[in-house]
Amino acid sequence: MNWLTEARFGLFVHWGIYAAAARHEWVKSYEQLTDADYQPYFDHFSPDLYDPVRWADDAWNAGMRYLVITTKHHDGFCLWDSKLTDYSAPNTPWGKDLLAPMVDAFRERGFRIGLYHSLLDWHHPEFPVDLYHPQRKDVDFIDRTADRDVSKYADYLHGQVRELLTGYGTIDVMWFDFSYADRGFNAKGPDEWRSSELLTMVRELQPGILVNNRLGLGSGDFTTPEQVQPPGNEVAAGEGTQVPWEACHTLNGSWGYHRDNHDWKSPALLIRMLVDAVSKGGNMLLNVGPNGRGAWEPRALDVLSGIGSWMRLHERSIRDCGPSTYVPPTDCRYTQNGRRLYLHVFAWPMGHLHLPGLGDRVEYAQFLHDASEVKRVQVDPSAPGHTYLTGLPDNTLTLKLPNRAPDVDSCVIELFLKD
């Protein structure tokens with residue numbers, strides 16, 4: 001797991017023909033579109049601005065160090081040249097495999113490679129209609145397809161995963177999505193996917209791979225809280241030990257390209273979410289949804305550029321860091337790497353910041369963005385001017401701060417601990 005917990009920040013990419021609809025990657029289900037309704041997106045998919053080298057550069061400059069790409073989402077469309085279906089990128093007007101150049105470009109740039117693969121497939125002729133299927137309310141369609149055989153679909157699922165894990169070199173992460181046993185009408189889980197058999201095959205084909213927790217078999221190698229910030233360290237149920245975790249988030253609430261969604265998170269908010277995750281021992285996997293021409297829209301690039309500007313100055317407070325045993329003040333977070341303790345100040349205090357337990361532990365303090373000293377204050381309660389600083393816990397370190405916060409999206413103070 002070392003590379004994953006050292007990287008801390010990754011790129012998620014949701015891309016498929018739903019980008020042409022431009023209204024969420026679940027559009028086929030949400031709007032209950034038939035295959036015929038959805039076919040125009042396939043027939044007109046030609047991402048002429050697709051430039052995976054530029055994608056890799058933009059992601060690297062934002063501070064991301066691993067990629068997870070949707071090889072197939074729930075609609076069944078495949079980015080690669082699958083031999084098991086014609087419902088793939090080479091059979092659109094684009095006419096070529098989209099996955100291979102992406103894997104090559106990101107790997108060349110220094111990224112670890114992860115493949116997302118949906119366990120669902122609303123296009124496959126043997127996938128039984130269920131509570132998420134676009135035709136879930138179409139009684140006639142349900143009757144006509146009542147003899148669908150999920151075991152035949154599972155054969156197809158396993159065959160496609162085998163293609164992915166034998167055709168694209170070393171794969172670092174297999175990111176499955178998702179099991180939903182016991183949720184209702186024709187719900188599916190590890191029995192339908194034959195998850196144990198699938199996992200065995202994955203590990204045989206790629207012995208060093210990490211597999212997430214969405215096969216329905218437990219916590220996996222890491223867990224994947226989605227669109228939430230866990231309040232504390234994730235633990236495996238009943239085991240009492242921390243499990244590596246990765247909070248996956250969108251830029252604007254949609255994973256796929258959504259033209260009219262304007263609910264964009266700011267770089268400052270996303271930076272604080274990343275810091276919060278690392279302070280609790282987790283990662284952040286941040287999503288970009290390219291549009292139908294294969295470009296990252298300006299709003300996404302602006303956000304990533306803002307994060308990248310912050311990461312250029314503060315990367316060492318994130319990369320290869322993890323949680324600290326010290327308890328931070330209110331509205332602050334700690335990350336730590338050995339003798340370097342990083343204090344992330346989310347809400348700027350007036351005058352002083354008090355750090356319990358660090359009174360005799362810090363040899364020097366500085367702002368990380370410019371390496372300027374942060375003065376440490378020896379509080380003598382009997383001295384004039386310190387009268388109102390009485391009552392601090394024993395062994396508290398007090399820092400004297402300027403009245404105005406530094407002009408960065410999230411301020412970091414680097415504390416050098418004594419041996």
Side-chain angles (χ1 to χ4, degrees), residues 2-13 51-68 105-112 246-251 264-280 282-288 296-324 332-348 364-374 401-402 404-416:
N2 286 351
W3 73 261
L4 185 68
T5 55
E6 289 169 3
R8 290 301 183 197
F9 189 25
L11 170 68
F12 215 173
V13 176
D51 185 350
V53 173
R54 181 175 179 181
W55 288 14
D57 285 343
D58 289 334
W60 187 272
N61 292 336
M64 296 158 162
R65 293 296 181 265
Y66 63 102
L67 165 74
V68 178
F106 276 80
R107 187 177 282 139
E108 177 67 22
R109 194 64 176 84
F111 284 79
R112 296 279 187 154
E246 170 191 78
C248 46
H249 287 285
T250 58
L251 291 174
W264 288 75
K265 301 178 182 72
S266 68
L269 174 59
L270 289 164
I271 289 164
R272 293 182 186 195
M273 290 162 58
L274 173 60
V275 168
D276 182 66
V278 176
S279 76
K280 297 168 182 173
N283 286 26
M284 185 164 81
L285 185 65
L286 184 61
N287 182 77
V288 174
W296 292 6
E297 61 173 312
R299 292 175 294 184
L301 292 170
D302 287 346
V303 171
L304 294 182
S305 177
I307 297 172
S309 295
W310 184 88
M311 283 289 284
R312 185 178 69 83
L313 300 175
H314 301 92
E315 181 177 17
R316 69 176 183 247
S317 71
I318 298 295
R319 196 89 64 220
D320 206 18
C321 284
S324 175
C332 297
R333 300 289 188 276
Y334 280 136
T335 60
Q336 188 169 352
N337 184 356
R339 290 178 53 227
R340 298 197 186 200
L341 179 65
Y342 298 96
L343 174 64
H344 301 259
V345 185
F346 288 177
W348 197 250
Y364 188 70
Q366 65 180 16
F367 286 120
L368 183 53
H369 70 283
D370 67 354
S372 60
E373 183 185 14
V374 177
L401 301 182
R404 291 176 62 91
D407 188 19
V408 292
D409 277 326
S410 188
C411 179
V412 182
I413 298 171
E414 187 174 35
L415 304 168
F416 294 82

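The analysis underlying the following values was restricted to heavy atoms, covering all of them including side chains, and did not include hydrogens, waters or symmetry mates.
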Between the main-chain N or O of Leu301 and the side-chain N or O of Ser305, is there a donor-acceptor pair closer than 3.5 Å? no
At what distance, to the nearest 0.5 angstrom, does NE2 of His249 lie from CE of Met273? 3.5 Å
Considering all heavy atoms, the nearest Val345-Ser410 contact: O-OG, 4.5 Å
So do Leu270 and Leu251 actually touch side chain to side chain, heavy atoms under 4.5 Å? yes
Shortest non-hydrogen pair, Trp310 vs Val412, comes out as CZ2-CG2, 3.8 Å
Shortest non-hydrogen contact from Leu368 to His314? CD2-CA, 3.7 Å
Considering only NZ, NE, NH1 and NH2 on the basic side and carboxylate oxygens on the acidic side, decide whether Arg272 and Asp276 come within less than 4.0 Å. no
Does Met64 reach the side chain of Leu286, with side-chain heavy atoms less than 4.5 Å apart? yes
Answer yes or no: are there more than 12 heavy-atom neighbours, outside Asp407 itself, under 6.0 Å from its atom CG? no
What are the two closest non-hydrogen atoms of Pro52 and Phe106, and how far apart are they? O-CE1, 3.9 Å
Option from Ile271, Val303, Thr250 for which side-chain contact (heavy atoms from CB on, under 4.5 Å) with Lys265 holds: Thr250
Could you check if a side-chain atom of Phe346 sits within less than 4.5 angstrom of a side-chain atom of Val275, using non-hydrogen atoms only? yes
Does CD in Glu6 sit with more than 12 non-hydrogen atoms of other residues, nucleotides or ligands closer than 6.0 Å? yes
For Pro406 and Trp348, the nearest pair of non-hydrogen atoms, with its separation, is CD-CH2, 3.6 Å
pair Tyr334-Cys321: side-chain heavy atoms closer than 4.5 Å: no
Are a donor atom and an acceptor atom from the side chains of His344 and Thr335 found within less than 3.5 Å of each other? yes
Got a second to check how far Arg333's CZ is from Leu343's CG, nearest 0.5 Å? 11.0 Å
Is the side chain of Asn283 donor-acceptor paired with the backbone N or O of Gly10 at a distance under 3.5 Å, no angle test? no
Can you measure from OG (Ser279) to CD (Gln336) and round to the nearest 0.5 angstrom? 12.0 Å
What pairs with Trp60 under side chain to side chain contact (heavy atoms under 4.5 Å, CB included), at least two apart in sequence or on another chain? Arg65, Arg109, Phe111
Residues passing the ring-ring contact (aromatic ring centres under 6.0 Å, His included) test with Tyr66, sequence neighbours excluded, are Trp3
Taking side chain to side chain donor-acceptor pair (under 3.5 Å) as the definition, give me every residue that meets it alongside Arg319, ordered by chain and number, with sequence neighbours left out. Glu315
Should Arg316 and Asn337 be marked as a side chain to side chain contact (heavy atoms under 4.5 Å, CB included) after you check the CA-CA gap, both sets of side-chain angles, and the distance that decides it? CA-CA 9 Å; Arg316 69 176 183 247; Asn337 184 356; over 6 Å; no
Glu373 vs Tyr364, test: side chain to side chain contact (heavy atoms under 4.5 Å, CB included). Steps then yes/no. CA-CA 8 Å; Glu373 183 185 14; Tyr364 188 70; 3.5 Å; yes
Leu67 versus Trp55: any side-chain heavy-atom pair under 4.5 Å? no
Side chain to side chain contact (heavy atoms under 4.5 Å, CB included) between Phe416 and Arg340: does it pass, once the steps are laid out? CA-CA 5 Å; Phe416 294 82; Arg340 298 197 186 200; 3.6 Å; yes
Check the pair Leu401 / Ile413 against side chain to side chain contact (heavy atoms under 4.5 Å, CB included), numbers first and verdict last. CA-CA 10 Å; Leu401 301 182; Ile413 298 171; 3.9 Å; yes
Main-chain N/O of Leu4 paired with Arg112 side-chain donor or acceptor, under 3.5 Å: no
Can you tell me how far OG of Ser309 sits from CG of Asp409, rounded to the nearest 0.5 angstrom? 8.5 Å
Closest non-hydrogen contact found for Arg299 with Glu297 is NH2-OE1, 2.7 Å
Measuring from atom CE of Met311 to atom OG of Ser317, what distance do you get when rounded to the nearest 0.5 angstrom? 7.5 Å
